[in-house]
2 protein chains.
Amino acid sequence: MRERLHPEEIQADGAGFLPSLAIDTVIFGFHEGQLKILLLEYKNTNWLALPGGFVRETENLNDAARRVLAERTSLQGIYLEQFYTFGDLDRYDPTPLRAIMSAHGLNYSDHHWLLRRFVSVGYYALVDFTKAVPVPDLLADRCDWYDLANLPPLMQDHQKIVQKALDTLRIELDRKLIGFNLLSETFTMADLQRLYETILGQKLHRSGFQRKMLSLEILERLDKQYSGGAHKAPYLYRFAFDKKPE
Amino acid sequence: MRERLHPEEIQADGAGFLPSLAIDTVIFGFHEGQLKILLLEYKNTNWLALPGGFVRETENLNDAARRVLAERTSLQGIYLEQFYTFGDLDRYDPTPLRAIMSAHGLNYSDHHWLLRRFVSVGYYALVDFTKAVPVPDLLADRCDWYDLANLPPLMQDHQKIVQKALDTLRIELDRKLIGFNLLSETFTMADLQRLYETILGQKLHRSGFQRKMLSLEILERLDKQYSGGAHKAPYLYRFAFDKKPE
DNA sequence: TATTATTGTCACAATTTGTTACAATAATAA
DNA sequence: TTATTATTGTAACAAATTGTGACAATAATA
């Protein structure tokens with residue numbers, strides 16, 4: 001169970017965290033043929049933002065990202081990759097954050113640590129949509145899935161971060177274990193193909209796709225079969241971690 | 001001409017720079033069949049380190065990397081890519097740096113900003129070995145090329161950073177304009193092949209390699225030919241920036 | 001029991017990659 | 001001057017991979 005933080009903790013001057021450095025996570029899910037990401041909605045504003053956080057002084061950078069991911073999804077052991085570090089000056093605009101904090105009744109000077117410039121390390125995570133339980137952070141009142149294909153405007157440079165995450169996802173799709181981590185434990189070949197098509201934004205040939213996936217030798221075919229359609233029942237597959245480690 | 005910094009500047013408490021954040025650059029060159037990287041050797045110690053630096057408060061992260069690269073090589077407009085951000089706790093070991101500063105007659109408490117924990121953004125650069133003019137930084141007395149195949153021990157986690165840079169280089173070799181940026185303005189197909197073989201650590205077939213490179217349509221064949229060997233003179237090629245932008 | 005949609009797999013074509021072969025040629029040796 | 005040598009540019013063919021369509025199998029529905 002996650003422990004809710006209290007606004008007082010924001011008032012501390014960043015003690016215990018590395019200054020200047022933040023983490024932003026693009027948390028991908030897949031549901032009903034749509035790629036989705038988790039976004040936070042801030043109280044009394046229209047601002048939407050990527051789940052983020054800061055790095056504790058006694059914490060590895062990658063562990064901080066895992067912590068942020070776990071706090072927002074209630075999930076452990078999720079596929080997580082660092083993909084880029086964003087450090088442009090023009091990403092530093094305290095206006096939205098000041099508005100959000102103001103909506104919480106918090107008014108700080110521009111020297112407050114949260115209103116200073118941050119360099120942000122971007123991570124993307126791949127989660128089973130059906131397993132994640134979105135949890136807002138202490139400044140947000142909602143944490144929900146949004147269709148990647150129809151994103152609302154995001155805070156700061158978060159749109160750019162999402163785009164870069166998606167670019168990375170496409171490039172690494174056939175080099176890493178990306179597809180399988182977005183589906184449930186078992187899935188059909190058609191499920192997998194729909195996912196690949198959605199990520200790549202293009203149709204793939206069914207026959208060649210099946211041949212390619214099976215040739216990777218990381219899929220375990222299960223005896224039992226899905227049923228429910230007016231047609232031949234497809235095999236179910238499970239991703240076999242042990243068969244071909246990355 | 002680069003302006004030499006004075007040790008007094010180190011004594012300032014990091015004012016003007018983002019705290020906690022550093023940059024390390026793996027600067028690759030290629031000469032006589034060997035991949036090389038630039039290393040700094042610190043005065044009165046045996047420590048070798050990657051060229052690095054810090055990010056000014058009014059400077060883009062990527063610009064800071066470009067600045068570090070320009071300061072060490074005297075070159076502008078070089079191929080430079082961010083590849084990973086290193087933030088493990090165990091990379092923070094002030095012992096070597098304290099020894100180096102002590103060798104300069106500088107003795108600081110553990111609270112000095114240079115002795116605190118840093119998260120470091122890694123960049124790799126590809127430079128024309130014959131054009132770079134290595135320049136030491138203010139704590140080093142030498143800046144020289146070292147064979148990647150025969151590296152001496154490096155400071156902190158710099159060995160790991162180099163390895164990750166090389167891994168990235170290999171993965172991106174046929175996806176980005178990597179090879180061409182390590183050679184002189186003009187080169188033969190054999191030059192290019194030797195470079196690819198060195199980066200990948202394996203032999204390639206001459207015929208297939210030539211066919212592949214020409215099919216990329218980013219090489220411009222020059223009329224004039226190299227001469228000097230007891231055999232047919234090879235064409236010279238030039239990388240054509242405009243033909244197929246990335 | 002026939003119809004329908006989808007599945008698993010095969011077969012063949014098209015393309016790409018791996019490999020060998022061979023003529024061309026610039027320097028050197030005879 | 002001519003033969004030798006090493007390397008180059010390219011063609012030719014083989015092997016492997018990928019693209020594409022076809023077809024029988026089959027689970028629900030009509």
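No experiment lies behind these values; they were computed from the predicted model shown.
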With a 4.0 Å cutoff (strictly under), does any side-chain N or O of [X] reach OP1 or OP2 of [N]?
{"X": "H231(B)", "N": "dT5(D)", "answer": "no"}
{"X": "R221(A)", "N": "dT7(C)", "answer": "no"}
{"X": "Q210(A)", "N": "dT9(C)", "answer": "yes"}

Identified pairing partner of dT3(C), criterion: Watson-Crick or G-U wobble below 3.5 Å: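 When the pairing criteria are applied, dA28(D) turns out to be the nucleotide that pairs with dT3(C).
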
Nearest whole angstrom, please: distance from the [atom2] of [N] to the [atom1] of [X].
{"X": "M213(A)", "N": "dT9(C)", "atom1": "CE", "atom2": "P", "answer": "16 Å"}
{"X": "F187(A)", "N": "dT7(C)", "atom1": "CZ", "atom2": "P", "answer": "15 Å"}
{"X": "Y235(B)", "N": "dA26(C)", "atom1": "OH", "atom2": "P", "answer": "10 Å"}
{"X": "R206(A)", "N": "dT6(C)", "atom1": "CZ", "atom2": "P", "answer": "10 Å"}
{"X": "K203(B)", "N": "dT17(C)", "atom1": "NZ", "atom2": "C1'", "answer": "20 Å"}
{"X": "L214(A)", "N": "dT9(C)", "atom1": "CG", "atom2": "C1'", "answer": "10 Å"}
{"X": "L219(A)", "N": "dT7(C)", "atom1": "CG", "atom2": "P", "answer": "16 Å"}
{"X": "F209(B)", "N": "dT10(D)", "atom1": "CZ", "atom2": "C1'", "answer": "16 Å"}

5′-ward residue of the pair K212(B)/S207(B) relative to DNA chain C: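 First, find each residue's nearest nucleotide; the 5'-ward one identifies K212(B).
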
Residue whose nearest DNA chain C nucleotide is more 5′ - H205(B) or A190(A):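 Residue closer to the 5' terminus by nearest nucleotide: A190(A).
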
E197(A)-Q193(A) side chain donor-acceptor pair, cut-off 3.5 Å: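 E197(A) vs Q193(A): donor-acceptor pair found between side chains.
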
Side chains of Y123(A) and N62(A), donor plus acceptor under 3.5 Å: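 Yes.
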
Centroid-centroid under 6.0 Å between [X] and [Y] rings:
{"X": "Y237(B)", "Y": "F239(B)", "result": "no"}
{"X": "F118(A)", "Y": "F54(A)", "result": "yes"}
{"X": "Y196(A)", "Y": "F209(A)", "result": "yes"}

Residue closer to the 5' end of DNA chain D, M189(B) versus G208(A) (nearest nucleotide):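 Counting from the 5' end, the first nearest nucleotide belongs to M189(B).
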
Comparing R211(A) and K232(A) on DNA chain D - which has the more 5′ nearest nucleotide: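 Nearest-nucleotide comparison on DNA chain D picks R211(A).
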
